[in-house]
Participant: 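Sharing a structure here in structure tokens format.
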Amino acid sequence: MRLISSLHLQPEPGGGGIVVDDRTLTAARINPSAYVLLAVLHEPRTCQDLALALADAADCGIREATAPVIQLIDELARLGWLEFHSPEKGTGHGSRFH
């Protein structure tokens, strides 16, 4: 999965930022953890990639990071801000998070 091309991130002083969707002119203020995850999503990533990024940024374990990542993915998908791609042949990954 990755962010749709019409989404742009603008950092704010002190962490966090603003995400803007050029299609709808929707803007949202996001916290520092969400900013880290959205920045990582400019490239195709898996749910595990995001959980690892959050665990590293928040200095917590991957178990603690997984639930918030799944919630964020669900919200981004609901907003139409994610593109989901089929996995490459031979990877064996078939989850909706790839």
Participant: Do Phe84 and Leu79 sit in one hydrophobic cluster, given that two such residues count as connected whenever their side-chain heavy atoms are within less than 4.5 Å of each other, even indirectly?
Facilitator: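 Same hydrophobic cluster.
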Participant: Which heavy atom of Ala65 sits nearest to which heavy atom of Ala51, and what is that distance?
Facilitator: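 So the two residues come closest at CB-O, 3.4 Å.
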Participant: Can you check whether Ser6's main-chain N or O pairs, donor with acceptor, with Arg23's side chain at less than 3.5 Å?
Facilitator: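 Not at all, since once roles are kept as given, no pair shorter than 3.5 Å links the two residues.
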Participant: Looking only at non-hydrogen atoms, find the nearest pair between Ala77 and Leu82 and report the distance.
Facilitator: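 That would be N-CD1, 4.1 Å.
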Participant: Check Asn31, Leu37, Val36 against Ser33 for a side chain to side chain contact (heavy atoms under 4.5 Å, CB included) and give me the one that passes.
Facilitator: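 Answer to the side chain to side chain contact (heavy atoms under 4.5 Å, CB included) test with Ser33 among Asn31, Leu37, Val36: Asn31.
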Participant: Quick check on side chain to side chain contact (heavy atoms under 4.5 Å, CB included): which of Leu9, Ile4, Leu50 does Leu41 satisfy it with?
Facilitator: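 Going through the options one by one, the only one that passes is Leu50.
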Participant: Looking only at atom types and distance, does a side-chain atom of Asp49 sit under 3.5 Å from a main-chain N or O of Thr46, one as donor and one as acceptor?
Facilitator: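 Yes.
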Participant: Mind checking what makes salt bridge (Lys or Arg N to Asp or Glu O under 4.0 Å) contact with Arg2, not counting sequence neighbours?
Facilitator: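 Salt bridge (Lys or Arg N to Asp or Glu O under 4.0 Å) list for Arg2, sorted by chain: empty.
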Participant: What pairs meet the salt bridge (Lys or Arg N to Asp or Glu O under 4.0 Å) rule with one or both residues in residues 51-66, with sequence neighbours excluded?
Facilitator: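 Counting only pairs at least two positions apart or across chains, no salt bridge (Lys or Arg N to Asp or Glu O under 4.0 Å) contact touches residues 51-66.
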Participant: I need the Met1 CE to Glu83 CD distance, nearest 0.5 Å.
Facilitator: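 Atom-to-atom, Met1:CE and Glu83:CD are 12.0 Å apart.
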Participant: Are Val40 and Leu3 co-members of a hydrophobic cluster defined by side-chain heavy atoms under 4.5 Å apart?
Facilitator: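 Linked, Leu3 and Val40 end up in one cluster.
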Participant: What is the distance from atom CG of Leu72 to atom CG of Leu38, rounded to the nearest 0.5 Å?
Facilitator: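 Leu72 CG to Leu38 CG: 6.0 Å, rounded to 0.5 Å.
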Participant: Can you give me the closest heavy-atom contact between Tyr35 and Gly16, atom names plus distance?
Facilitator: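 Closest heavy-atom pair between Tyr35 and Gly16: CD1-O, 3.7 Å.
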Participant: Same cluster or not: are Leu54 and Ile73 linked, directly or through other Ile, Leu, Val, Met, Phe, Trp or Tyr residues, by side-chain heavy atoms under 4.5 angstrom apart?
Facilitator: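 The answer is yes; both residues are in one hydrophobic cluster.
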Participant: Measuring from Gln48:CD to Thr66:OG1, what's the distance to the nearest 0.5 Å?
Facilitator: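 Here the rounded value is 8.5 Å.
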Participant: Which residues pass the salt bridge (Lys or Arg N to Asp or Glu O under 4.0 Å) test with Arg78, not counting sequence neighbours?
Facilitator: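 For Arg78 the salt bridge (Lys or Arg N to Asp or Glu O under 4.0 Å) partners, ignoring immediate neighbours, are Glu75.
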